[in-house]
Structures are given as structure tokens and as C-alpha cells.
Amino acid sequence: MLRRSLEPRIRGKRIETVRVWSSALREPVNGQILRRRLMGRRVLGADRRAKYLLLHVEGGSTLVVHLGMSGQLTLVGKAEPRQAHEHVGFFLTSGERLRFRDPRRFGLVFALPTARLLTDRHFRHLGVEPLGPSFSGQVLAARAEGRRGPVKNYLMDARVAVGVGNIYASEALFDAGIHPRRSVGRISAASWQRLARSVRHTLGQAIEQGGTTLNDFTDGSGNEGYFQVSLEVYGRSGKDCSRCCAVIRKIVQAGRSTYYCPRCQR
Ligand SMILES: [Zn+2]
């Protein structure tokens, strides 16, 4: 709601300077970094991730605002005096000011390189849309850092990617030639890239063939009803692999059936 109402009013405007009147929010506000990343830059657009509002600016930086329990972000006119609990002011060359107010101080205000958004500690536990622009082998690899466990379970973890259901996970791993039990700590950069491509390919094909909308695949519930066509491994245990003629196997991982080819997937 905030994003939708704010974006048309702020897009294209330039940030002249940033003032931090009080830095004591949930995490200390760093005025120096805010100014370095935002000053003189035009706002390219607004985005939302979970409860974070993201304002992307020129030069590859993003301003992140979390409203906490009582925060407000409003665009006010030049003559508007500083209010009680107004902790940060983003002054625009238009004469307006983006005002951050937060009586209870549970909010967050910081800026970072846009490219770091997915791996930043505030965001890395939030799943990525597999068909969105930020999904990649690098993201899969970065989020697997320090983790263990089979790649199939990892792929279905909603904190990693949103909407890679059980069927898609099996099919994508077959397409990428990766064994479903392979530990995420033992996957090369090249394999992560292949896997990211395979996930996109599998979901894309499912959409094409099923003629359904993207939304059906991103509800995060791992629904198994949609994708009935052209399955290479799923539901085919005991049958021949279409690539190598080995016999497809079925195992159970985290309570879900996984199908794979023991010869194609290592
Ligand atoms: Zn095979």
C-alpha cells in the first residue's frame, strides 16, 4: 500500500541530502552511508520485499525502510517543520522531503548496493521468485553458504526460493544432472548455474504446457496438481530414463517422494 501510493510521487525525483536527527532506531542509522549512497541520485522506482520498502536510486544503490511498529514514511512540502519523532529526512531537489517518523523506534533505515539485496542479512532468509530477475546460480550458491543437507530439500525451502514444488524440484534436478541427495556444500558454481537454468526452464515449460498463470506456481505450497505433462522422472519409478535408459528410482526425502535417474544424476 505504502509502495503503491509513494512510488508515483517520488519516482524521478532527486535526493539533495539526507539528515539524521536521531540515529537510535532498531539498528543505528548511519547518516554517512545514507548520504554517500543517496545524495545527488534520482529515485528510479520503489519495490517491496516482505515488510521492507525499497527505493532504488541511480548508481546501483537502494534505500531500505522498515516501518517497525509505529513508523511512517510520508512526502511533505518544503515549509513543513520537523515533527516530533521525525528521525530521518530525505530532502529532494523538488523542495519536498521524505519524512521518516517513528515514535517507538522499532523501524529501520539503511542503504546498500542494490546487488547485495538478496544476500544481505535482512533479506537472505526471504525466498526469491524463480522466474523473477534476481534468481540465479550465484544466489542459490550464496544462500547455501554454511548450510548442509540434500539439494532437493534446499531447493524446496521457501526461504531459498518461492514455489519450487516437489515435482519441479525432481524435474529440475534431473534436467541439471544433479543427484537429489547431493549436499549443498558440494555443488560447484557451474552446477548451481545449471540448476538455476533448469529450475527456470522446468517452471517455464510447466506454465507453457499447462497454460496456467505464473501465480499458480508461486503460492509456495508445492502444489502437485498442475504439471501433468512431459515429466521426465516424476512418478516414473521402474521405467526407463528417456536419456540413458537406466531405471528411474524413487526415494523419500523430508517426507516427499523424489524421483531421479541414478546414471544421469550424480
Ligand atoms: Zn538417465
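Only a predicted model underlies this, so the values are computations on that prediction, with no experimental measurement involved. In listed order, ligands and their atoms are each counted from 1.
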Set of residues satisfying salt bridge (Lys or Arg N to Asp or Glu O under 4.0 Å) with respect to [X], sequence neighbours excluded:
X	answer
R243	D175
R26	none
R19	none

Quiz item: For the ring pair F174 and Y260, is the centre-to-centre distance below 6.0 Å?
Solution: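 Not under 6.0 Å, so no.
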Practice problem: Would you please indicate if the ring centroids of W192 and Y154 are separated by under 6.0 Å? | Solution: yes
Quiz item: Tally of protein N/O/S atoms under 2.8 Å from the Zn ion (ligand 1)?
Solution: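 Atoms of protein N, O or S type lying less than 2.8 Å from the Zn ion (ligand 1) total 4.
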Practice problem: Return the minimal non-hydrogen interatomic distance between L92 and L75, and the atom names on each side. | Solution: CD1-CD1, 3.8 Å
